[in-house]
Amino acid sequence: PLHAPPSASTSVAVSPAGEQLLLDPESGPRLVCDDKNHVGIAWSAGEAAAGSRAASSDLRFANSMDGGQSWNPPVTVNDNGPDSTGHASHHDIAFSPRDGALFAAWLDRRPGVDSTNANPADREDAAIWMARSQDFGTHWSANAAHWSRACPNCRVSLVVDPAKTL
């Protein structure tokens, strides 16, 4: 399980026992915090298929409202459902101090509106999908594909600039 260290002497389990974490270098956990003692962790979890990378995966998120001393149960950010062959990974997360929103972005094998390949199982096309949370990750908006025809090996990064714009 994924553990978050609230102090140098203790750790707290964040991911459910037995959840298969996808911890390759491109999809490691991402941390986010705000100035109200809220902390969040995003990670990819999924089931591995024999002879390939994960057959499908989800972007998961857990939050703490007390600086990491305790954690709420994780939620799934992507909304494509458990029977999908989508692959949510290579993610990032950002906090906007302008309106307190969290933004998550990730590569997904689900086709976007102008994808070149409508079959996500082929893994030839990827799209960058995003979701937004107004309550520091307890609930997430419907997912939206923002860029299709992305390289399936690309990395996603989010940045909030000094003007507090994503």
Side-chain angles (χ1 to χ4, degrees), residues 1-2 4 14-16 19-34 38-49 52-64 71-161 165-166:
L2 187 62
V14 176
S15 63
E19 182 170 73
Q20 178 66 41
L21 305 178
L22 302 178
L23 300 176
D24 57 6
E26 297 84 11
S27 292
R30 301 291 192 265
L31 296 172
V32 65
C33 61
D34 67 9
H38 301 149
V39 182
I41 300 177
W43 69 92
S44 289
E47 296 296 321
S52 74
R53 296 177 63 110
S56 65
S57 63
D58 290 317
L59 180 59
R60 307 276 281 151
F61 184 84
N63 62 16
S64 169
W71 291 81
N72 293 314
V75 297
T76 300
V77 177
N78 55 293
D79 59 9
N80 51 312
D83 296 325
S84 171
T85 56
H87 184 78
S89 64
H90 299 34
H91 53 276
D92 202 6
I93 192 152
F95 171 72
S96 173
R98 174 182 288 189
D99 61 0
L102 281 183
F103 293 91
W106 64 95
L107 278 181
D108 202 317
R109 303 297 179 155
R110 291 182 284 169
V113 292
D114 60 349
S115 290
T116 58
N117 186 351
N119 184 359
D122 289 341
R123 301 184 182 275
E124 297 297 325
D125 194 12
I128 298 174
W129 288 71
M130 291 184 73
R132 176 186 177 119
S133 173
Q134 286 299 137
D135 58 7
F136 209 82
T138 301
H139 303 92
W140 291 89
S141 68
N143 301 171
H146 285 267
W147 298 274
S148 295
R149 297 189 227 160
C151 165
N153 295 313
C154 292
R155 308 300 173 257
V156 176
S157 293
L158 295 173
V159 175
V160 177
D161 68 20
T165 303
L166 180 67

Let's go through Trp129 and Asn80 carefully: what are the C-alpha distance in whole Å and the side-chain angles of both, what is the deciding distance for side chain to side chain contact (heavy atoms under 4.5 Å, CB included) to 0.1 Å, and is it a yes or a no? CA-CA 11 Å; Trp129 288 71; Asn80 51 312; over 6 Å; no
May I have the step-by-step check of side chain to side chain contact (heavy atoms under 4.5 Å, CB included) for Val39 and Asn63, ending in yes or no? CA-CA 6 Å; Val39 182; Asn63 62 16; over 6 Å; no
Begin with the C-alpha distance, continue with both residues' side-chain angles, and end with the deciding distance and a verdict on side chain to side chain contact (heavy atoms under 4.5 Å, CB included) for Trp106 and Arg30. CA-CA 12 Å; Trp106 64 95; Arg30 301 291 192 265; over 6 Å; no
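Of the possible donor and acceptor atoms, none in the side chain of Ser89 sits under 3.5 Å from a partner among the backbone N and O of Ser44. At least one donor-acceptor pair closer than 3.5 Å links the side chain of His91 to the backbone N or O of Gly28. Not one N or O on the side chain of Asp58 forms a donor-acceptor pair closer than 3.5 Å with the backbone of Arg60. A donor-acceptor pair under 3.5 Å is formed between the side chain of Ser133 and the backbone N or O of His139.
Looking only at side-chain heavy atoms (C-beta outward), Ile93 and Phe61 come within less than 4.5 Å of each other. Counting only heavy atoms from C-beta outward, the side chains of Val14 and Trp43 approach each other to under 4.5 Å. Between Ser15 and Pro74 the shortest side-chain heavy-atom distance does not fall below 4.5 Å.
Contact record, Phe95 with Val160: O-CG2, 3.2 Å, taken as the closest heavy-atom pair. Nearest heavy atom pair, residue Trp71 against residue Ala62, reads CZ3-O, 3.5 Å. Minimum heavy-atom separation, Ser57 to Asn78: O-ND2, 4.1 Å. Heavy-atom minimum distance, Val77 versus Ala104: CG1-CB, 4.2 Å.
The side-chain contact (heavy atoms from CB on, under 4.5 Å) with Trp140 is formed by just one residue from the set Leu102, Asp135, Asp79, Leu59; it is Leu102. Checked options Asp108, Leu166, Asn143; the residue passing with Met130 is Leu166 (criterion: side-chain contact (heavy atoms from CB on, under 4.5 Å)).
A distance of 9.0 Å separates OG in Ser96 from CG in Asp161, rounded to the nearest 0.5 Å. To the nearest 0.5 Å, the span separating SG on Cys33 from CZ on Phe136 amounts to 7.0 Å.
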